[in-house]
Amino acid sequence: MERIKTFIPGLDEIIGGGFPKGDSISLGGPIGSGKTIFSLEYLLKSHEPSIYVSFEHDINIIKQTAIEFGWYNKDSKIFCNLNKYFLLI
């Protein structure tokens, strides 16, 4: 099975070399568990066509998180539609 590396330190080794190619990945967990940071880091490092959808964060929180980690630049795009936020890095 072909796998897509996440390039997140330690994760690829734990999950057998990366995510299975073509799979959809959904993250869940309590507030503060790192879902947003994980997702933004994957978007930045993987270079795979990806989309991040948040139902709990305001668009400004997502943008501020990306800025704080140095993952947001003038070419980054954030889309909002019906209270769903999409970030393309």
Side-chain angles (χ1 to χ4, degrees):
M1 172 185 305
E2 189 176 354
R3 296 201 167 258
I4 303 298
K5 290 187 177 286
T6 66
F7 298 100
I8 297 173
L11 181 62
D12 291 328
E13 293 78 21
I14 293 170
I15 62 173
F19 295 134
K21 186 174 178 91
D23 277 11
S24 296
I25 307 299
S26 175
L27 296 178
I31 294 171
S33 62
K35 300 177 299 294
T36 299
I37 293 170
F38 173 88
S39 299
L40 296 178
E41 186 172 9
Y42 176 77
L43 283 171
L44 176 71
K45 293 182 176 182
S46 74
H47 302 290
E48 291 293 320
S50 304
I51 190 166
Y52 168 75
V53 180
S54 176
F55 295 100
E56 64 183 40
H57 286 305
D58 176 77
I59 196 164
N60 295 315
I61 301 269
I62 296 167
K63 183 176 179 180
Q64 187 59 40
T65 300
I67 289 169
E68 287 174 7
F69 281 90
W71 299 334
Y72 187 87
N73 62 54
K74 65 179 180 64
D75 296 324
S76 299
K77 297 185 179 19
I78 298 179
F79 300 93
C80 173
N81 185 14
L82 300 175
N83 293 324
K84 299 173 189 171
Y85 303 103
F86 307 92
L87 175 63
L88 303 176
I89 298 179

Would you please name every residue forming a ring-ring contact (aromatic ring centres under 6.0 Å, His included) with F7, sequence neighbours left out? none
Between L40 and A66, which heavy-atom pair has the shortest distance, and what is it? CD1-N, 4.0 Å
By the side chain to side chain donor-acceptor pair (under 3.5 Å) test, which pairs, at least two apart or in different chains, include something from residues 19-39? T36-Y52, T36-H57
With rounding to the nearest 0.5 angstrom, report the CD1 to OH distance, I25 to Y42. 7.5 Å
Do I8 and I37 belong together in a cluster built from hydrophobic side chains that touch within less than 4.5 Å? no
Non-neighbouring partners of Q64 that pass side-chain hydrogen bond (donor to acceptor under 3.5 Å, both in side chains), sequence neighbours left out: E68
Test ring-ring contact (aromatic ring centres under 6.0 Å, His included) applied to F38 - qualifying residues, sequence neighbours left out: none
Taking only residues at least two apart or on different chains, which pairs with a member in residues 4-13 satisfy side chain to side chain donor-acceptor pair (under 3.5 Å)? T6-D12
If you look at every heavy atom in P20 and M1, which pair is closest and at what distance? CB-SD, 3.4 Å
Under 4.5 Å between side-chain heavy atoms, counting indirect links through other Ile/Leu/Val/Met/Phe/Trp/Tyr residues: same cluster for L11 and I4 or not? yes
Is I14 reachable from L27 through a run of hydrophobic residues whose side-chain heavy atoms are each under 4.5 Å from the next? yes
In chain order, what residues pass the salt bridge (charged side-chain N to carboxylate O under 4.0 Å, His left out) check against K45, with sequence neighbours excluded? E41
Interatomic distance, I62 atom CD1 to W71 atom CH2 [nearest 0.5 angstrom]: 13.0 Å
